[in-house]
Each structure stands twice: as structure tokens, then as C-alpha cells.
Amino acid sequence: MRRIILALMFAFVGSQKYDIGVFSEFCSQILSPQLDEYNGIWPRDPFTRSSKLILTIASCLTQLFKFEYNRGQFGNIYAPKDTPVTCVNLVRGILNMLQITVKKSQNAYDLQEAGIGGVCHTRYIIQEDRKSNRVTVFKTKDLNNCQDKVEKNIGMAYIRSCATCPLKEKIIKGTAAFTYKMKYTDAGTLITQAVSQQVYQISPFSEPAGVAVMEARQELTLNDIRNSQASTSEIQLQNYGSLRYHFARELLQMPIHLIKMKNPESQIVEILQQLIQHDQQGYNREAPAKFLELIQLCRVATPENLESLWKQFADKPQYRRWLLSAICAAGTTETFMFLKQKIHNEDMSYLESALTIALAFHLSKADDHTLQAVADLVTSFRIQRAPMLRKLAYLAYGSMINRYCSVSSSCPNRILQPLHDLAAEAVSKNHEDDMALALKAIGNAGEPASIKRILKFLPIFSPAAMAFPVRIYIDAVLALRKIARKDPSKVQEILLQIFVDHSLTPTVRMMACVVIFETKPALPLVTAMANALLKESSLQVASFTYSHMKVLAISRIPQLFNVSAACNIALKLLSPRLDRLSYRYSKVIHVGGYYSKYRAGAIGRIYLMNSPSSMLPSAIIMKLRGYYANTATDFVEVALQSQGLTELVRKQNIPFAEYDTYKKLKVLGKTVLGWKELPPENPLISAYVKVFGHELAFADVNKELIRQTVKALTESSDRHMLVKKVINQIQRGIAGQWTQAILAGEVRHIVPTCVGLPLELSLYSTGLIRATASVGVNMSPSLSGTFKPLQFFDANVQLHADINPSIYTHTVAMMGINTQYFQSGLEFHAKFRANIPMKFYARINIKDKSLKFETTPCHQETELVTARTKLYAISRNVEEITSAKRLLVLPEEAVLDISEQRFKSAERTSRNGATTPKFLGDSKPPILAVILRAVRNDRKLAGFQLVLYADLHSTTPRIQVFVSNISESSIWKLCADASIVNSYKAVLTIYDRDISLPLPLPLDPHISTSVLQYPAWNFFTKIPSSVIDSLKGHCSVSQNMITTFNEVEFNYSMPANCYHVLAQDCSPELKFLVMMKKAEESADLKAINIKLASHEIDMYPSNGLIQLMINGVQTPAQILPYTSNSDAHILISSEKDGLSVKAPEYGIDKLYYDGHTLKIQVGFWMAGKTCGICGKYDGESKQKYQMPSGYVAKDAVSFAQSWILSEEPCAGACKLQHTLIKIEKPVGFENVASKCYSVEPVLRCVKGCSATRTAPVFVGFHCVPADSTTSFDEEQIRLDQKSEDLENTVDAHTMCSCEQLQCAA
């Protein structure tokens, strides 16, 4: 078995000189230090000695050191001025051997003892041999149990640890053991020998023996005692502090390369030249490592160096891009101030400034200087006049506050004040964009001191917030996410109130649900939420919360065990029917897993939040989170919020307010008690991007921006001439390349060892994005002199493109010693390269709606994706940089090239002999082949191969996937076959099992069979229209059976002579109204009245035929179809035994009527905008009986009767009206005599008429004391807002006799 031994050995030979004074001060000097290095396979390879490095280290170690010592405890350490901290730390390592706490009264005891690594738990065992006057002391330290441990974490601000879920085993485990031999003398106890051994073991994936071990040993032996005096009077000594380890230049020195800092400026120029040369030659393998060197040099460069470099390369684009990338990634205070000054002086372009703020400011060191610099920048003229830069700067400032306060004991209010001032000013000026910006920046900061400011934007805590738009409520809720990490109980209290408040829109409440579960609530809070769902009226909220609980309940991630158990219990309180709701309702979609063997996992979640008022989602949040050990990191989060988008898919220039229908509906609305039109919705799209939990950027697209964009596309302007010049340049041909380097990650953990050297565990990841392109465009006809962008829509465009984007990443993980003089350790390298060449030809003609797209066939093999990993044992020293040793732990051996092997065919028959689908590989080549392979330490291959076959040009399109293990000993394979059987059914077959897809294809089941014929593209082109058809609302009335848009069915017998509002547009546009009543000819037939634009359409049966009257004029069936001449199209035609009306621009896609049956189909963009007996078309079946006032009726009869249109008693045939009634008999409510009034009106005959037929209805009542002075008339005003105290059954009038009705002649 091979073993790699990394050893660094110091030999300290010499004498220690003591000068005992009043303060117990001692002097020490190291003579002839030696350093031997070992890098090889033990015990085959020899030690090597570096003479140059010994001289460098000896120059500082052989100096005179002074220290304070008293009874085994060290005080301050003194050394000559400008002594390198590394040398002082080595001396600390020697002195640490002599740190000892002896208790004379005990032979075994525990205590917290200070040392080079901090104050850690220490155990002593003392063995005394009185015969020989000798004592042996054993001391052990638990380096994982320290009250004040010396360690340094870099790049971990975005990694959150879970304090409440400690692991059974830590990733890094360390211990130290000391043995002291002492003898008693007349002068006291004398230490004759001290031996120490320290071990650090790293077990990243629960390996009991660890994957890497660091061992440090020391031995001090007393050889001789001499009486001598050392004078330090001529030497100026500086106090270097206590025995506690001090971090030196290893914080600036990356552990994966060693650079001798001579002249940073010239070294930066040299590396830049190498990078540019490699980039031009297309050789990028060394670029990531060189980029890291460039970053390190930028970290040590002075402001003068950076300014000089800028002057050299500011006018050279390639050099400038590499230099700016490295300065942004350096993250020091000096580089940050340099970038800030360049932005302030406008030396950077707008795009460069935006990228610098979005990336560099989030990565820079957060201290008082940088915080003040950003605070000054956000108020500068340069930022204030550029809205996007202003947004980015405030977000970066909030992120910097979060990082600053995460390592500080307190977060001063002064640094939060700019954000609080922005919020206060936005509220005072009612500036919506600044409200959103302030909330997002406060959310990035994540400080509990901002809670009071956030509550001012939520209506349940601040009445003034009632006027704010919904998006501000959402931003306020999301601003509490990071605050919950510091004060979860307070945030949970706030969010629970929002979650249960039915007056808030469902999206706001669902956002509160998301944040609540991110706080990892305990069982009482989770069950409280489940209990609230039992009476939840919004199916959107109920479906989302149930789905979220179910996702958490199946989680196997240790950090979520408690909340998972709580959700499992809470789900038992809820109905499983919530799990069967379709994707019309809000859901949480979860993908991911956790591997306990590796203590790592990842989850991807999609929060799909739908709105009752739209078929399009109101919010979609996609989030990727990784878990490792007891930490979690939010890698990326992307969100899209929208409202009113359906308004953009229809014709917008129709003057609905000028039509008679609009005016009539305004008048009719006043006759329906409590009815009011829906508030207007302004189209808005809002999106944001978060990386590592911090919001980097967000953007809003509102109606005004859309209007300006349309105006820019339709009008000629000087700006369009610039666009024309660009297009002309493209037509002449464009060829070039673009390269961007990024520092994807830098994570470091540094602890001192007992010898005074730092042990580091680090991870670096760099990426190189490169693209080469050659593009040519031909347009006919050519662009005219008065150029407008709309000319593109009339042109025939031919596009030739040869594009080759690629990404190359290099990740290095290191464990070992890292100092400014030498490095020694293990390095794991992982390289990944993805290359996607694209060469295609396209012909586009928007006017003719034609598109031709062709790709050039591949004539040679191309590596699309490659990944390689290697593990090295490395050793470097600064005096011999070119002689660095790097030994491959797993030697490269010749392996069989699997890419040249023939793919294994999959099994054709199942285990039970059943025939499986035909193997497409018999007649077609694969369209994709992927090979993932690895070489194990036993030289055997391991990995997987994936082959994909497809046949899309068939009446039954089919895809087959075969995955198999390429290991010789494995017979594992997976075969999957997916096919589309018909227009609304798909089947997935795995081996011999038919598994139905979780969702049927959302297509119209009545698609013509011709659609399914060859080619398959015809089928797929029908999918969008079929999906839209399936989303449209359908309402029908047949005899007394009514089916609403929400698919609620109920029986209802209509009172005679009274029109009912069947379906109406309740949006501010008031586009249509459909009314129905019993026909005069027969009680089994119905008559309808339709109001559209300036048309009033009556349809009714007469003498067995359906009659049509338009605007009071009889229209014979012989002259149909009828087409309107208005701005929007209206078509009336004969169909089967009845008539149909089509007015899609008004929201009625189709209405069919034959006297017995009425069917209404409205556009999907009418979702949530209808009202009437057909309902709101919002999917909320729990609110299926919603009356005009918004009150939910107790039964179907009350609901339908509430939509009867009353008429003037003497002018119309309907003699029914809605009236608030009083319970006539005495009522005892809460042991008090009371009078009670209905909270909703009940159908009654008008004055002068008496009821001849009634129907029982269930009504709610509000009660007041019997002696209350409140009159009945006063109670009619806003009685629907009163509390409902009791329920009772009353009789509603359905037919009247009006013999006593008195009407004026």
C-alpha cells in the first residue's frame, strides 16, 4: 500500500540563556536551526535539505528573544523590531512546550489552559516517583473543545452553520499530547525533557480513519546547565504579545502557489502578458492558476502600483478586462478604494461600473473604511443620476453591512442609518421604486434593528401602508428572511399574523409561509399553521402550505429533522384532498437529496405561487441550496413576480368606456347592494437575482416602460441610427472573441499547530468563460434612410453564425502548512471544461411567419464536456520556487479509451418475458452519448454511460434513454422509454412497468386526429393553443343545473320575470354582461340578454324557434352571420339548434344558446375578473357562493338570488327586491335580549306585493341589545362589515302577487 509522507523537520541545536530579574524575565536564543524536507513515499525516498531556506529562516530565528515566565505560565514575548511574525510564532511553538499548570494537591485534574492555540480543555495526570525524586506529567488537549480558540475563517460569510444541530462527528478533529519528565533539586523542580505530539485529522465524508492527517512532534531535552548572562541593553526589543498565536502573511498568501514578492507591479505586468498570449493562442489550461497569482499580487500591490497599472492598460481592452477582474476579486481595502475612486471619477464605463458594484462590492473586505466609502458613493452624483447603479450600490451596501456585523459583537446604528433614511424618505414621498429598493437593501443587511422600519410597509401594522401596492408587502416580508437568523421568534410572531390575515392577497401570505419555514419553526407553530388551514378560505394558500409541509416532511437533511417531524404531525390534521389539487393552485416543487455517507446534499425548490385573478403565476421563486456537514449555503435564487400580464396578450386600444355597455353596467351596479368593480391592475414584471443569499440586482418592467419601448420601436429617432450602424456592421461580418475570468470561490480555515506553523484547509475555484464568434447577417430589402426598428418585421433576414462558447473551471482543495517561506501539504485538483460549438444558418421572415433553421453536421469528434481530478503531495519554498516538488498520489496509468468502445445495447425483453418497446438503436443512431468515467486506485474503470435515442417524426413520438454502469463487475442498467400515445396522454416505461406521468398533458382532448399525423412538429405546434384552450373558463346552464367557471354544480329554480346576472366582466373596463331569466313561453326554457359594446343582444324562444334581437331590432336567422362594425370583432351565427356569439376581444370567446342550454366560454385572461352566478373564475371553490358584496353565501339559493337585478316596481315585471331583514321574535344573544338584522339582504316582494311562493335560505345575523338606539335604516349602511353573531333559516320570496301595488297613472 502506498503512503505519502509529508514531513517538515526543524532541528534546534544550541543553548538557552536565562537572565532572571525582578519580573521573571528570561532570554532565549536558537543556535544552528536546520530544516529538512520530505516529499515522497515512505520510507523509500530520502530527506532533502534546503540550504538557501535555512539561511533565510536562521537570520530571524537566531536573534535574541525575551519572554516573561512565572510558575509554568508565560507572559509577553519580546523580539527585535521588524522580526517576521512567522519567526515569532516558531518561538511561541517552542515556549508552548513549557506551558504547564501543576497542582500539588491533585494527581488528575481538568482545566481550561491557555496555549498557542487558545484556551482549550486540558487534562493532567501526574505520576510521582519519590524514590528517585522524579515526576512524570502527562497533559492532553482537546482542540475541539476550546473556550477561546485561535482560528481564522476566510470566505465563510455566506456559509451558515446550524448551532442547534451539532454533528456526532466533526469534520476536523484535533488533539495534542505532552509528556514532561522532571526531577526535584534544591533550587526547585527541573524539567529535563518535554515531548509533544499533535494530530489533526480531516474526515470530510465521515471516514473513521480520515482522508488526510497532519502530525506535529516536538522534543526538548536538557543537555547542560551553564551560568551565563545575556545583555539586551543594546538591542531594541518589541512586545509581540502573549503565547497566543498571531496570524502573519499567510492571510495574504494563497496556499496553492508561492510567490516571492519582489516588485508586484512588474510581476502583475508579466502575468498579464502571459494571460493575453495564452488567450490569443486559445490555450486556457493554465489561465485559472495564473489568474489566482494575479489576484494575490493585486492584494499586496500598493495604491500607487494600481494607479500606475491603470495608466498603462486603461486603453488596452484585453489587459484592462483581466486587470479589472483581478482587482475586483482581490477584495482588500486598498483595491476597494481604488475601484470606488474609478467609479466616482467616471473612469469606468457604465457596464464596468455595474459589474464592479454587483460583484466586487459584495466580495470586498467589510470594515469601517469600506462601509464609509460605499455610504459616500451611494449619495454621489455619478450614482444618483444612474438609476441602475444606484440600485446596485444600495444592495451592495446592505450586503456589506451584513458581513461587517456577522463578525462584530454589535452592529452600530450609524451604518444602518442610510438605509433607514432611504426608507423614510420613500414613504414620505410615496415613491414606490425607492420603497422597494430600501426594503431589499435592508433585507440584505439582515439586522433586527430594522424590524420597526419594515413594519411600516405592512398594512396590518401600519394603517398608512394600506395604500401601498402588493409588491411592497412582498418585499417587506422577504426583508425579514435574514433578520430571522438573528431573531427568529420575533420574525415568526410577525409572519404568523400575516399568514392568517385573510384581508391580504394570497401571494403575500404565501411569501410569509416561505419565510416562516425558513426559520425552522417548532411543532407548536407548525400545528398552529395547520389549524389555521382547517378554516382557510383561499385554496391557493391552503394548497401552497400543504405542499410546502409535505416537501419538508419527506426531507432527510439532518438540519431539517425537527421541522420535518413537525410537518409530519401537522399533515395528519389536514385533508389529503389538498394534495390532489391541480397545478392551477400554488405548489412547492422539490428536487434533491441528501447522502448521509458523505454528509452532503443539495435541494432545488420552485415556489409556484398562483393568483386567483390570473392564470399566469403571480410569483415564481427558484432556489438552489447546498448542505454539507452542519452548514448550509444558498447558491442562487431567481424570482419572477408579475401582475396584470394578461392585459398584455390582448388588444389594448379598444375604448370600452365610451360604449353603452360600460355606462349601463355603471348604473346597474348601483342597483345591486354591495357590488363594486374590481380595482385596476397595472401590468408589472419584477425579477431579482440572489447569489449566496444576497440580492445582487433586481429590475421592474411596468406599463410605462412597455409604452416607451413600443414608442421607441414605432418611431424614428437619432438613437435608432446607432442601431442601424450596428446592424450594418453585422451585415459586413463580425468576428471576435471574448474572455472573462472569475473567482468563483475562496474558502479558508486556518488553525495554529503546536510547533507554531499554521495548518490550513482551503478551497479555491476559478472559472474562465470564453466565446469566439463569427456572425454575418443579410437583410432584404436593405434598411432605409429613415430607419425604424419595425423595419425588421418586414425584412427577410438570413443569418450565418459560427459560435463556440466554452467554460473552464479549476478547483483546488488544499490541506497543509502555508507560510510566507514554504508550503507543504496535499492538493486536490478538479478541472472541468464544457465546449458547445454551434454553427447554423437561419432564415427569418416575421411578416410571412416563416422560419428556417439549419445546423451544419459534425464531421469530427468534439469533446463537449470533460472533467479530470488529481491529488498531489506538494512542497515549495520561497528560495527555490522553480524547484517545487509535486508528487502524484494516484499515479497516471494507461487506461482503455472508452470513447472508442461500442455502446452496450440494452435488454429487449423484461424479466418476465413481456415484450418491451422497440429498440430505436436498431434503426437510428444515438442523438446524444455521455460518458462519465473515473480511474480507481486499483486501476479499474468506474463510471456510467448514457445513450439517448429519439424518433420525433412519427405519429407516436418516442424517446429512449439507456444508462449503464461501465464497471466490469456491475450489471446495473436503467432503460426508459417515453412516448406520446395521443393528444392528452403520455406513457413512461421503465423496464416492464408502465408508469403514468404525474400530470396529463394539458391539451384539448378533442384535437383532430390529423394533428397527430406526420410530421411530429405539427403536433407540438398545437400544444400552445391546446394548453390555452384548456385554461379557458366554461360555464353552463341546462334546465335547473348550473355549472360555474370553477366547476361547481348546483340546482336552482329561477323566479319568473327576473333577470339574473349570469356572467359579467367586473374589471374596471366593464366589457360585457350576460343575463338570464325564465322564458315567457315555457318555464323550462330560458331567455338571455347580452350587452357588448354598443350592442344589446336578446335571445329567446318563440314558437319553437330561437329568436334574435339586436338593439331592439328583430334579426332573422337567414341573414346570419352578423358581424359588428365596432373596434373589436363580434360575430353572431347559427350553430346546431341555436345561436353562437363570439367576441374574444371582449372576453367572451364563445357563447352558445339554444333555449334549453347556455354555454359560456371566456378567455383565460379573464380569470378572476368575472362575477355573477357563473362565479369569479378564480379556482376558489371554498368561496364558490360569493355574493355581489364579496360575502360568501351559506347556500346555493341565497347565492343565486343575490344576483337578481331588481327593477322599478311599477315599470318592470320583476317584483322582487333585496332587503335586510330583522328577526321578529325575541332573541337572547349572550344572555342579553337582542334584536338581530341579516348581514346580507334577503329576497322580498316589493311593497304592495305579497309572497305566493317562498324558498328557505340560511342567513347570518348581527345582533345588538334590544334597547339600542341604532335604527334599522342605520344598520343597512355597511351592515355587511358587521360581525356575524348567529345563523338562522328564513323564507326568501320567489313569487309575488301584486294586487295591492299602487302605481301612479
Side-chain angles (χ1 to χ4, degrees), residues 654 659-661 664-665 668 1004 1006 1029 1032-1045 1052 1054 1056-1065 1070-1163 1166 1170 1172-1175 1177 1203 1205 1213:
I654 304 175
Y659 293 144
D660 293 339
T661 296
K664 290 178 181 178
L665 290 183
L668 284 174
D1004 185 353
H1006 306 295
D1029 287 341
K1032 292 178 179 179
H1034 298 81
C1035 177
S1036 64
V1037 180
S1038 180
Q1039 299 296 330
N1040 291 335
M1041 178 59 67
I1042 298 176
T1043 304
T1044 70
F1045 289 130
Y1052 174 65
M1054 291 185 175
N1057 303 322
C1058 292
Y1059 268 118
H1060 293 65
V1061 176
L1062 192 64
Q1064 176 188 333
D1065 173 23
L1070 301 176
K1071 296 181 287 293
F1072 68 84
L1073 171 66
V1074 179
M1075 301 186 294
M1076 173 180 280
K1077 68 176 182 178
K1078 282 187 176 181
E1080 297 179 358
E1081 183 172 296
S1082 171
D1084 294 333
L1085 300 176
K1086 305 291 189 297
I1088 64 171
N1089 176 273
I1090 308 169
K1091 291 178 172 58
L1092 284 170
S1094 297
H1095 295 73
E1096 183 161 351
I1097 305 168
D1098 288 286
M1099 297 180 183
Y1100 56 92
S1102 178
N1103 299 321
L1105 299 175
I1106 302 301
Q1107 303 298 319
L1108 173 65
M1109 188 178 293
I1110 302 177
N1111 292 333
V1113 178
Q1114 197 74 30
T1115 304
Q1118 292 78 7
I1119 67 171
L1120 296 180
Y1122 168 86
T1123 304
S1124 69
N1125 296 320
S1126 58
D1127 297 280
H1129 180 70
I1130 299 176
L1131 175 65
I1132 305 175
S1133 59
S1134 298
E1135 182 178 326
K1136 297 180 181 178
D1137 297 330
L1139 300 173
S1140 70
V1141 179
K1142 295 181 180 179
E1145 285 88 355
Y1146 293 90
I1148 298 179
D1149 280 6
K1150 183 178 180 181
L1151 181 149
Y1152 173 78
Y1153 168 78
D1154 62 9
H1156 296 277
T1157 302
L1158 172 68
K1159 296 180 180 179
I1160 304 175
Q1161 177 179 291
V1162 296
M1166 286 299 299
T1170 62
I1173 294 178
C1174 282
Y1177 182 29
W1203 289 102
L1205 290 177

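Both backbone and side-chain heavy atoms feed into the values below; hydrogens, waters and symmetry mates do not. Computed from a prediction, not measured in an experiment: that's the story for all the values here.
- A 4.5 Å side-chain heavy-atom check between T1123 and H1129 finds at least one atom pair inside the cut-off.
- A salt bridge does not link K1142 to D1149: none of the charged nitrogens lies less than 4.0 Å from a carboxylate oxygen.
- Taking CD1 from I1042 and SG from C1174, the interatomic distance works out to 7.5 Å, rounded to the nearest 0.5 Å.
- Of all heavy-atom pairs between P1121 and L1131, the closest is CB-CD1, 3.7 Å.
- Using a 4.5 Å cut-off on side-chain heavy atoms (C-beta onward), T661 and L1070 make no contact.
- The distance from atom SG of C1058 to atom CG of L1205, rounded to the nearest 0.5 Å, is 9.0 Å.
- Between the CD1 atom of I1132 and the CG atom of L1139 there is a distance of 8.0 Å, given to the nearest 0.5 Å.
- Residues Q1114 and Q1107 meet the side-chain proximity criterion, which asks for heavy atoms closer than 4.5 Å.
- Residues passing the ring-ring contact (aromatic ring centres under 6.0 Å, His included) test with Y1177, sequence neighbours excluded: F1045.
- Around CG of D1137, the count of heavy atoms belonging to other residues, nucleotides or ligands within 6.0 Å does not exceed 12.
- Nearest heavy-atom pair, I1130 versus A1143, reported as atom, atom and distance to 0.1 Å: CG1-CB, 4.1 Å.
- With hydrogens and angles disregarded, no donor-acceptor distance shorter than 3.5 Å links the side chain of N1103 to the backbone of L1105.
- A cation-pi arrangement is found for K1077 relative to Y1059, the charged atom lying closer than 6.0 Å to the ring centre and inside a 45° cone about the ring normal.
- A salt bridge links K1150 with E1135: the closest approach of a Lys/Arg side-chain nitrogen to an acidic carboxylate oxygen falls below 4.0 angstrom.
- Each of V1141, T1170, I1160 was compared with V1074 under the side-chain contact (heavy atoms from CB on, under 4.5 Å) criterion, and only I1160 meets it.
- Between the side chains of H1095 and Y1122, at least one donor N or O sits under 3.5 Å from an acceptor N or O.
- Heavy atoms from other residues, nucleotides or ligands lying under 6.0 Å from CD of Q1039 number more than 12.
- Annotation: side chain of V1061 is not in contact with side chain of I1173 (no heavy-atom distance under 4.5 Å).
- To the nearest 0.5 Å, atoms OG (S1094) and CG (N1111) are separated by 7.5 Å.
- P1101 is listed as a side-chain neighbour of Y1153, based on a closest heavy-atom distance under 4.5 Å.
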So H1060 and Y1052, ring-ring contact (aromatic ring centres under 6.0 Å, His included) or not? Walk me through it.
-> CA-CA 12 Å; H1060 293 65; Y1052 174 65; 5.5 Å; yes

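- If you take SG on C1035 and CG on L1158, they are separated by 7.0 Å, rounding to the nearest 0.5 Å.
- Contact check for L1073 versus D1065: no side-chain heavy atoms found under the 4.5 Å cut-off.
- The main-chain N or O of M1054 is found under 3.5 Å from a side-chain atom of K1078 such that the two form a donor-acceptor pair.
- Applying the side chain to side chain donor-acceptor pair (under 3.5 Å) test to pairs two or more places apart or on separate chains, those with a residue in residues 1082-1091 are N1089-K1091, N1089-E1096, N1089-D1098, K1091-E1096.
- You'll find the side chain of E1145 stays beyond 4.5 Å of the side chain of K1071, heavy atoms only.
- S1133 and L1120 get closest at one heavy-atom pair: C-CD1, 4.2 Å.
- In this structure, the side chains of M1109 and Y1100 come closer than 4.5 Å at one or more pairs of heavy atoms.
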